[in-house]
Protein chains: 2
Amino acid sequence: MINELEKIKDSVLLQDIKVEELSSMLGCLRGVIKHYKKGEEVLSEGAEIKKFGLLTEGKLQIVQYDYLGNKSILSIIEPKQIFAEAYAYVNKLPSMNVEALVDSTVLFLDSDKLSSPCQNCCSFHKQLVKNLLFIISNKNVNLTEKIECMAKRTTKEKLLTFLSLESIKQNSKEIYIQYDRQGLADYLGVERSAMSAELSKLKNEGILEYNKNWFKLLQK
Amino acid sequence: MINELEKIKDSVLLQDIKVEELSSMLGCLRGVIKHYKKGEEVLSEGAEIKKFGLLTEGKLQIVQYDYLGNKSILSIIEPKQIFAEAYAYVNKLPSMNVEALVDSTVLFLDSDKLSSPCQNCCSFHKQLVKNLLFIISNKNVNLTEKIECMAKRTTKEKLLTFLSLESIKQNSKEIYIQYDRQGLADYLGVERSAMSAELSKLKNEGILEYNKNWFKLLQK
DNA sequence: TATAATCCGTTGTTTTTCCAACATACTTTT
DNA sequence: AAAAGTATGTTGGAAAAACAACGGATTATA
């Protein structure tokens with residue numbers, strides 16, 4: 001257990017919580033460690049969620065099946081990230097599955113205990129709640145930004161919306177993006193090749209310069 | 001002040017908090033009441049947010065301007081709803097404005113105070129945090145669902161994804177939707193008339209029946 | 001009840017995207 | 001350095017969406 005804590009002590013969820021407090025926290029939040037083999041199911045669609053997960057080791061993917069049975073990958077969970085927290089707090093049955101991409105270890109924490117500090121109002125509770133609110137709010141802002149991009153009608157507008165948002169975040173007209181072309185196309189909800197063609201057009205029109213992950217927005 | 005509390009005492013944020021505790025809560029969370037005339041700006045883009053709002057009376061709209069200056073309405077805030085909470089917790093400058101659609105009254109609450117209970121660990125803090133986590137998590141789930149719809153490539157698929165999700169939520173093949181056609185088109189990010197045409201097709205193909213706000217998914 | 005305003009479906013045209021197939025450049029492996 | 005694999009850009013035809021314009025139905029208003 002101590003070993004697991006070592007791996008996640010500098011996660012966002014546990015930010016600014018003293019190492020000494022971590023093990024008492026585990027008891028308070030009914031921490032449970034579980035191991036999964038590659039390919040195993042960590043959480044399944046429709047199963048009630050009372051605890052949320054903090055990945056200590058490995059890699060998970062959150063997948064969803066639509067009304068036709070088509071599979072789509074919602075996100076990849078890396079170590080130190082939490083998952084399923086939204087469903088733990090809305091008391092709604094999840095519509096997605098979580099699968100282990102490689103052998104993985106997850107620390108499950110009781111969502112109820114986290115938001116209802118114990119009698120003695122342990123000092124770390126305050127910080128935990130703050131961190132959790134930050135994480136969920138942040139996801140919220142990110143989802144809203146994605147929607148802002150996707151809501152545009154043309155690929156060109158989607159691209160420019162995405163790039164201007166990045167430009168603001170990186171505080172520069174020159175930006176580096178985290179996605180490859182396929183990843184960016186998936187993020188924007190468009191076809192990769194069509195997007196590439198659109199990028200070329202923007203370059204020809206003198207609106208944009210780019211090379212691999214580097215982009216530069218030219219002023220009009 | 002007492003008068004304002006009366007109007008919001010059964011809001012989701014204040015759910016399961018005793019009326020007697022409300023006024024002490026106000027002090028603890030540095031509650032501030034502000035009035036706005038129709039058309040006035042409640043929050044403006046780029047202004048640091050330390051408090052989030054709870055609308056006690058009136059109607060607000062959250063608007064955003066894209067890189068071309070086009071205005072889009074992100075959401076309408078009705079009484080008892082909170083707003084700007086995500087930005088209050090991520091310490092990020094908001095990229096949207098909040099405007100009063102009619103004369104409105106807002107109760108601002110200190111986001112820091114809410115997540116950091118005072119020494120005596122007032123009982124209502126626990127419940128407030130729980131309620132806030134519920135609200136934000138819920139928004140999260142809703143945004144994810146919207147993205148699930150918008151990510152589909154065709155209007156037909158967007159419609160069917162939306163309707164299946166509603167069908168699950170309403171636990172029936174017969175559903176009532178909250179949007180009019182223009183509202184649904186905006187939600188899905190498509191053109192109203194094209195969407196109408198697509199609905200007609202689905203009806204002809206025997207996949208769907210509908211009339212105004214009533215829809216029925218027919219089994220294949 | 002007449003009138004205006006709004007909502008919704010239809011149609012035809014233009015624009016954009018999707019899709020498949022392929023070419024080129026870059027990376028990794030052997 | 002050759003070979004294989006991967007990522008990106010290009011093209012052309014088919015499909016879909018956007019757009020504009022209009023007509024009928026419903027609702028709100030005078």
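Residue numbers begin at 1 in each chain, while the letters A, B, ... track the order of the sequences.
- Using a cut-off of 4.0 Å between Lys/Arg side-chain N and Asp/Glu carboxylate O, B:D16 and B:K130 are scored as not salt-bridged.
- Rounded to whole Å, atom P of D:dT10 lies 12 Å from atom NZ of A:K201.
- Within the 4.0 angstrom heavy-atom criterion, only backbone atoms of the sugar-phosphate kind lie near B:Y210; the bases stay farther away.
- Regarding B:E198, its CD atom lies at a distance of 17 Å from the P atom of C:dC8, rounded to whole Å.
- When each of D:dC19, C:dT16, C:dC8 is scored by its nearest atom to the side-chain atoms of A:R153, the top-ranked nucleotide is D:dC19.
- Rounded to an integer number of Å, the gap from CD of B:Q182 to P of C:dT6 is 13 Å.
- Rounded to a whole Å, the CD1 atom of B:I177 is 14 Å from the P atom of C:dC7.
- If you measure from atom OH of B:Y179 to atom P of C:dC8, you get 14 Å, rounded to the nearest angstrom.
- For A:K169, the NZ atom counts as densely surrounded, since its 6.0 Å shell holds more than 12 non-hydrogen atoms of other residues, nucleotides or ligands.
- The pair B:E40-B:K34 does not count as a salt bridge, with every side-chain nitrogen at least 4.0 angstrom from each carboxylate oxygen.
- Side-chain atoms of A:A197 lie closest to D:dT11 of the nucleotides D:dT11, D:dT8, C:dT16.
- In this structure, the nucleotide among D:dG9, C:dT17, D:dA17 sitting nearest to the side chain of A:S196 is D:dG9.
- Contact of the B:H35 side chain with the B:D103 side chain is not registered, since no non-hydrogen atoms from C-beta on lie closer than 4.5 Å.
- To the nearest angstrom, P of C:dT16 lies 14 Å from CG of A:L159.
- The number of heavy atoms from other shown groups lying within 6.0 Å of NZ (A:K59) does not exceed 12.
- Using the six-membered ring where Trp is involved, B:F108 and B:F83 have ring planes that are perpendicular, over 60° apart on the 30 and 60° scheme.
- Between B:Y89 and B:F52, the ring-plane angle classifies as tilted under the 30° and 60° cut-offs.
- Here the nucleotide nearest the side chain of A:S200, chosen from D:dC19, C:dT17, D:dT10, is D:dT10.
- Within residues 185-193 of chain A, the residues having any heavy atom under 4.0 Å from DNA chain D are, by residue number, A:R192, A:S193.
- No more than 12 heavy atoms of other residues, nucleotides or ligands lie within 6.0 Å of NZ in B:K201, so this atom counts as exposed by the packing criterion.
- Rounded to whole angstrom, the span from the CG atom of A:L184 across to the P atom of D:dT8 amounts to 10 Å.
- Side chain to side chain, A:S95 and A:Q64 meet the donor-acceptor criterion of an N or O pair below 3.5 Å.
- Out of C:dC8, D:dG9, C:dT17, the shortest distance to the side chain of B:D180 is found at C:dC8.
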Kindly give the atom pairs (protein nitrogen or oxygen, nucleotide nitrogen or oxygen) under 3.5 Å for nucleotides 25-27 of chain C.
unit_1, atom_1, unit_2, atom_2, d
C:dT27, OP1, A:K212, NZ, 3.3

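- We find that CE of A:M195 is positioned 18 Å from P of C:dT16, with the value rounded to whole Å.
- Using a 4.0 Å cut-off between a side-chain N of Lys or Arg and a carboxylate O of Asp or Glu, A:K158 and A:E198 do not qualify as a salt bridge.
- As judged by a 4.0 angstrom heavy-atom cut-off over every strand, B:T155 is placed among residues touching the sugar-phosphate backbone only.
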